[in-house]
Q: 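This structure is in structure tokens; I'll ask about it shortly.
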Amino acid sequence: MIFENQYIQERIKKADELRSEGINPYPNITKPAVTSKEFNETYEYVKKSESKRDEDKSVTLKGRIKLLRIMGKAAFAKLEDSCGLVQIYYSRDELPEGYYNKIKKLIEVGDIVEATGFPFITQTGELTLHCKDLKIITKAISPLPEKFHGLQDAETRYRQRYLDMIVNPKVKDIFIQRSRIVSLVRRFFESKTFLEVETPMLHPIPGGANAKPFITHHNALNVERYLRVAPELYLKRLIVGGMEAVFEINRNFRNEGMDHTHNPEFTMIEFYWAYHRYTDLMNITEELFEYLFLNLQLPKILNYGDKRVDFSTPFAKISYIDSLTSIGNIPADITSDKEKIINFLNQNNIKVDPNLTLGYLQAELFDNFVEDKLIDPTFITDFPIDISPLARRSDENPQIAERFELFIAGREIANGFSELNDPIDQYERFKAQVEAKDATGDEEAMHMDLDYVRALSYGMPPTAGEGIGIDRLVMILTNQHSIRDVLLFPAMRPEVAIQTND
RNA sequence: GUCUCGUUAGCUCAGUCGGUAGAGCAUCUCACUUUUAAUGAGGGGGCCCUAGGUUCGAAUCCUAGACGGGACACCA
């Protein structure tokens, strides 16, 4: 049984004792209360008063008991609420007759209580609530982890995030910051007249990214559905339909490996902007970062682990090909020659499929020699066309896509491009992907989406679109190095213990 | 998927060469009416992750597995 542990049994017994004393351990009551923060600020003046107390005031605090020190006929407790900690004091002679002895052993660490009394200053100078009344609001029957070391075990922290948040208050700060970031991103795009939309999560055809999808079944229609790997193709249909600036902040699902930068479901913002080009995207991206740094009151230089990242704008801009030489230190005479690239990679003990196209081989060079050297925010521009199946060809150089990626701290944060809007070209590129899928068994290659091609056939104005990984953005802005630390409930294998127990 | 490290009381962790399972906090009993991880005295609490194997004897050594952390691969 889930509650067979001896400590839980002891606490269940205490809840029963409360009931037999006529005290409901789970009352449905709420009395207006002030927060710990309000209390500490409002009654700061008591510290300076001569009597060190203000008995005319009656204040109610609510919170979870985090620390409890019982000294015979009096006790101190630290309550925690959403704002922080506050101390209360209660004693036998200040509570209603006989009440103290009733509850002394029945209210304990972990319980949620409501305390009413007046502010005073203790001998050690701490502003404290002197209780005239102390009610239990919610009995906790599971004990909290150790008060000093807290909860260290990463597995328990991720599986039981609620417990992690109770015991490790700093965890909450990360998620508060995450919420602010998402809110600011939304506000930024709204202020630029972008419209927030919601497009399907259940896709008949997975599309918009090279990724393996989750597959599910829709009973009513008896059809397979794919959890979306990207909202891209739907958002661009909206541009065809006449929305000229749209964005969506939502979850994407990719059925791939998990590690400290990958969770099977992750959050992205994608935005599409008609009558704009990829150069406009780079500008608005810089503006977004300026807006975030201003409103989050972050310094322009942030530490990320042992790296120092300078977010001063404008961000560096360098073309894909140039970066191979100037950042990757790869001789310029080999970066456009398939044979030479293969030789170079082999010399560096990197195995590649010799049938790869030039663009894919250049991508191997980039991934191995350039990416992790891009610490300060850097736009890598002008990608090879064959690794950019949805991007528009450059009018000047047909081998190059009007595309960029933004790298920060050695990681891709954003990907944007001028969208391909030639329906015939799009059709051919889908076909090439499908052929690659059939020929090489590449499970991540894109599927043919004829309706999307049909949509383009009605005419999509020149459009620029970009995706920004929100989880990774939060990681960088909060100096977290595991995606699990910026996800409230990261994906975990099924928990064995709790299933076999019940 | 591969490599690597880990799993011992509710929590945080020790456990030597293979020889009866340990500490702090928490819990229980007692004392204590201004504490700060309160204090003092005493008690209880274990599927040493699981299954095999080696051995007179395994928390400890070996094999396989489960779960987790880290690194790599794929990807964003």
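All chains are named by letter (A, B, ...) in the order of the sequence lines, taking the proteins before the strands, and each is independently numbered beginning at 1.
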Q: At less than 4.0 Å, is any side-chain N or O atom of Lys104(A) found next to OP1 or OP2 of rC32(B)? Yes or no.
A: no
Q: Checking all strands, does Glu94(A) fall into the base, sugar-phosphate, or nothing category for heavy-atom contacts under 4.0 angstrom?
A: nothing
Q: Does a distance-only test, which skips hydrogens and angles, find a donor-acceptor pair under 3.5 Å between the side chain of Arg69(A) and the base of rU34(B)?
A: no
Q: Counting heavy atoms from C-beta on, name the nucleotide in rU34(B), rG70(B), rG10(B) closest to the side chain of Arg53(A).
A: rU34(B)
Q: Without hydrogens or angle criteria, can the side chains of Tyr304(A) and Arg411(A) be said to hold a donor-acceptor pair below 3.5 Å?
A: yes
Q: Using a cut-off of strictly less than 4.0 Å, decide whether Lys73(A) has a side-chain nitrogen or oxygen near OP1 or OP2 of rU35(B).
A: no
Q: Between Phe194(A) and Phe189(A), is the gap from one ring center to the other below 6.0 Å?
A: yes
Q: From C-beta outward on Glu412(A), which listed nucleotide comes closest to its side chain: rU34(B), rA76(B), rC67(B)?
A: rA76(B)
Q: Looking only at the side chain of Gln6(A) (C-beta and beyond, no hydrogens), which of the listed nucleotides rG68(B), rG45(B), rU34(B) gets closest?
A: rG45(B)
Q: Among rG68(B), rU12(B), rA76(B), which nucleotide sits nearest the side chain of Glu146(A)?
A: rU12(B)
Q: Report which part of the nucleic acid Lys66(A) touches: base, sugar-phosphate, or nothing (heavy-atom distance under 4.0 Å, all strands).
A: nothing
Q: Which one, rA76(B), rG70(B), rC13(B), comes nearest to the side chain of Gln152(A)?
A: rC13(B)
Q: Using a cut-off of strictly less than 4.0 Å, decide whether Arg493(A) has a side-chain nitrogen or oxygen near OP1 or OP2 of rC67(B).
A: yes
Q: Is it true that the side chains of Arg69(A) and Gln87(A) contain a donor and an acceptor less than 3.5 Å apart?
A: yes
Q: Take Arg254(A) and Asn368(A), find for each the nucleotide of RNA chain B with the closest heavy atom, and name the residue whose nucleotide sits nearer the 5' end.
A: Asn368(A)
Q: For the side chain of Asp153(A), counting heavy atoms from C-beta on, which of rU34(B), rU12(B), rA37(B) is nearest?
A: rU12(B)
Q: Between rA37(B), rU35(B), rC28(B), which nucleotide has the shortest distance from any of its atoms to the side chain of Met71(A)?
A: rU35(B)
Q: Report the nucleotide, chosen from rC72(B), rU35(B), rU12(B), that has the shortest atom-to-atom distance to any side-chain atom of His149(A).
A: rU12(B)
Q: Stacking here means centres under 5.5 Å and planes under 30°; does Tyr7(A) stack on rG10(B)?
A: no
Q: Side chain of Arg159(A) only, please: which of rU29(B), rC67(B), rC25(B) is the nearest?
A: rC67(B)
Q: Checking all strands, does Met268(A) fall into the base, sugar-phosphate, or nothing category for heavy-atom contacts under 4.0 angstrom?
A: nothing
Q: Under 3.5 Å, is there an N or O donor on one side and an acceptor on the other linking the side chain of Gln87(A) and the base of rU35(B)?
A: yes
Q: Given rC74(B), is OP1 or OP2 found less than 4.0 Å from the side-chain N or O atoms of Lys212(A)?
A: no
Q: Is there a donor in the side chain of Thr216(A) and an acceptor in the side chain of Arg225(A), or the other way round, less than 3.5 Å apart?
A: no
Q: Side-chain donor or acceptor of Asn252(A) under 3.5 Å from a matching atom on the base of rA76(B)?
A: no
